[in-house]
Chemist: 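Dropping a structure here in structure tokens format, bear with me for questions.
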Amino acid sequence: MRSYLLYAIMAGVAWGVGGYFEKIGLHEMRIPPIAGITMRTLVALVILAAVSIPAWRSVSIQAHSRYLIMIILGGGLLAGSLGMWSFYSALARSENLGITLATAFALAPLAGTVTGILRKDQQVDVRIGIGLAAVVLGIVLLQLSQVHQK
């Protein structure tokens with residue numbers, strides 16, 4: 001497997017699962033979207049700063065509710081930090097931007113839906129199932145196009 005594809009897959013899964021938990025936290029805490037994205041960005045900044053600046057030994061974040069933890073872990077860690085790092089790593093290694101973007105962004109709804117199914121609070125009907133299957137088929141077709149271009 002090419003490294004850019006692995007990073008694109010990691011980005012899509014992180015964005016999908018992280019976004020799922022962010023949505024719950026925003027809804028339950030009734031946080032306006034602009035405040036939620038500010039929190040997400042702040043958390044990502046703290047995590048990335050801790051990784052990139054060796055002088056920072058640790059970052060301590062204390063949550064006061066499980067919904068705040070969902071936003072911090074889902075949005076800040078998974079989607080904001082791991083997702084963006086994986087995406088930019090994929091972009092840096094990718095030969096075809098369209099395929100990298102499609103892979104990363106197509107996996108997000110799939111990962112979020114599967115997370116909801118596993119947590120038993122996501123409803124899936126035939127249309128959603130067919131749509132998600134089409135997403136997977138699209139990713140496969142895009143990857144097969146790369147094989148034939150070499």
Side-chain angles (χ1 to χ4, degrees), residues 1-124 128 131-143 145-146:
M1 178 180 289
R2 296 180 185 176
S3 64
Y4 81 87
L5 180 59
L6 179 61
Y7 285 118
I9 290 169
M10 288 170 53
V13 171
W15 287 335
V17 174
Y20 172 84
F21 288 111
E22 267 185 311
K23 179 182 171 189
I24 291 174
L26 290 171
H27 175 75
E28 294 298 324
M29 294 180 68
R30 297 191 187 346
I31 295 175
I34 192 68
I37 199 162
T38 301
M39 185 183 306
R40 172 186 180 162
T41 302
L42 178 62
V43 171
L45 175 64
V46 169
I47 291 171
L48 294 173
V51 170
S52 65
I53 302 174
W56 294 18
R57 299 282 180 195
S58 65
V59 175
S60 177
I61 300 173
Q62 296 182 355
H64 300 286
S65 79
R66 73 181 215 182
Y67 303 113
L68 181 59
I69 291 170
M70 287 182 173
I71 293 172
I72 291 170
L73 295 179
L77 180 63
L78 280 174
S81 298
L82 180 60
M84 290 305 295
W85 172 77
S86 299
F87 182 64
Y88 276 78
S89 295
L91 288 179
R93 292 166 172 80
S94 177
E95 298 168 11
N96 185 312
L97 177 61
I99 291 174
T100 302
L101 287 169
T103 300
F105 291 130
L107 282 174
L110 183 63
T113 300
V114 169
T115 301
I117 290 169
L118 292 173
R119 290 184 45 91
K120 299 181 174 148
D121 62 2
Q122 176 70 48
Q123 302 299 320
V124 178
I128 292 172
L132 291 174
V135 167
V136 172
L137 177 62
I139 293 169
V140 170
L141 290 174
L142 286 171
Q143 291 307 313
S145 74
Q146 281 291 96

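Any value given below was found using the heavy atoms of this structure, including those in side chains, with hydrogens, waters and symmetry copies removed. Positions are given from 1, in the same order as the sequence printed here.
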Chemist: Which pair of non-hydrogen atoms, one from I71 and one from I31, has the smallest distance, and what is that distance?
Modeler: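 Where I71 meets I31 most closely, the heavy atoms are CD1-CD1, 3.9 Å.
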Chemist: Can you see which heavy atom on S86 is nearest to which on A11, and at what distance?
Modeler: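 Taking every non-hydrogen atom into account, CB-N, 3.5 Å.
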Chemist: If we only count heavy atoms from C-beta on, is the T103 to I9 side-chain gap below 4.5 Å?
Modeler: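 A side-chain contact exists here, since the closest heavy-atom pair is under 4.5 Å.
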Chemist: Scan for salt bridge (charged side-chain N to carboxylate O under 4.0 Å, His left out) pairs involving residues 101-123, sequence neighbours excluded, and state none if there are none.
Modeler: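 Those involving residues 101-123 do not exist here.
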Chemist: Does F21 have any ring-ring contact (aromatic ring centres under 6.0 Å, His included) partners at least two apart in sequence or in another chain, and if so, which?
Modeler: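 Scan of F21 (ring-ring contact (aromatic ring centres under 6.0 Å, His included), adjacent residues dropped) gives none.
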Chemist: Mind listing the closest non-hydrogen atom pair of I99 and S145 along with its distance?
Modeler: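 In this case the closest contact between I99 and S145 is CD1-OG, 3.7 Å.
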Chemist: I need the minimum non-hydrogen distance between I128 and Q123, along with the two atoms involved.
Modeler: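 Heavy atoms only, the tightest pair is CD1-O, 3.7 Å.
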Chemist: Can you list the residues that meet the side chain to side chain contact (heavy atoms under 4.5 Å, CB included) rule with S3, with sequence neighbours excluded?
Modeler: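 Once residues adjacent in sequence are excluded, the partners of S3 under the side chain to side chain contact (heavy atoms under 4.5 Å, CB included) criterion are Y7, R93.
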Chemist: Specify the closest pair of heavy atoms between A106 and P109, including all atoms of both residues, with the distance to one decimal.
Modeler: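 For A106 versus P109, the nearest heavy atoms are O-CD, 3.3 Å.
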Chemist: Identify, with sequence neighbours excluded, every residue that meets side chain to side chain contact (heavy atoms under 4.5 Å, CB included) alongside L110.
Modeler: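 For L110 the side chain to side chain contact (heavy atoms under 4.5 Å, CB included) partners, ignoring immediate neighbours, are L107, V114, L132, V136.
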Chemist: About how many Å separate CG of L73 and CG of L82, when rounded to the nearest 0.5 Å?
Modeler: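 Answer rounded to 0.5 Å: 12.0 Å.
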Chemist: Suppose we screen for side chain to side chain contact (heavy atoms under 4.5 Å, CB included). Which residues come up paired with A134, at least two apart in sequence or across chains?
Modeler: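 In terms of side chain to side chain contact (heavy atoms under 4.5 Å, CB included), with neighbours along the sequence ignored, A134 is linked to no residue.
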Chemist: Going by side chain to side chain contact (heavy atoms under 4.5 Å, CB included), name the residues that satisfy it together with L6, two or more places apart in sequence or in a different chain.
Modeler: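 Partners of L6 by the side chain to side chain contact (heavy atoms under 4.5 Å, CB included) criterion, ordered by chain and then number, come out as M1, M10.
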Chemist: Among residues two or more places apart or on two chains, list those pairs meeting salt bridge (charged side-chain N to carboxylate O under 4.0 Å, His left out) that have a residue in residues 5-21.
Modeler: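 Sorted pair list comes back empty.
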Chemist: What distance do T41 atom OG1 and L48 atom CG have between them, rounded to the nearest 0.5 Å?
Modeler: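 Reported to 0.5 Å precision, the distance equals 10.5 Å.
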Chemist: To the nearest 0.5 Å, what is the distance between CD1 (I72) and CD1 (I47)?
Modeler: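 Taking CD1 in I72 and CD1 in I47, the distance rounds to 9.0 Å.
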Chemist: Can you list every pair that meets salt bridge (charged side-chain N to carboxylate O under 4.0 Å, His left out) and has a residue in residues 42-51, with sequence neighbours left out?
Modeler: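 Passing the test, one end in residues 42-51: no pairs.
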Chemist: side-chain hydrogen bond (donor to acceptor under 3.5 Å, both in side chains): which pairs involve residues 73-83, sequence neighbours left out?
Modeler: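 Applying side-chain hydrogen bond (donor to acceptor under 3.5 Å, both in side chains) to every pair that reaches into residues 73-83, excluding sequence neighbours, yields nothing.
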Chemist: Give every residue pair that meets the salt bridge (charged side-chain N to carboxylate O under 4.0 Å, His left out) criterion with at least one member in residues 29-48, sequence neighbours excluded.
Modeler: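 Checked against salt bridge (charged side-chain N to carboxylate O under 4.0 Å, His left out) - neighbours excluded - the pairs reaching residues 29-48 are E22-R40.
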Chemist: Between G12 and A111, what is the shortest heavy-atom contact and its length?
Modeler: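 What the structure gives for the nearest pair is O-CB, 4.2 Å.
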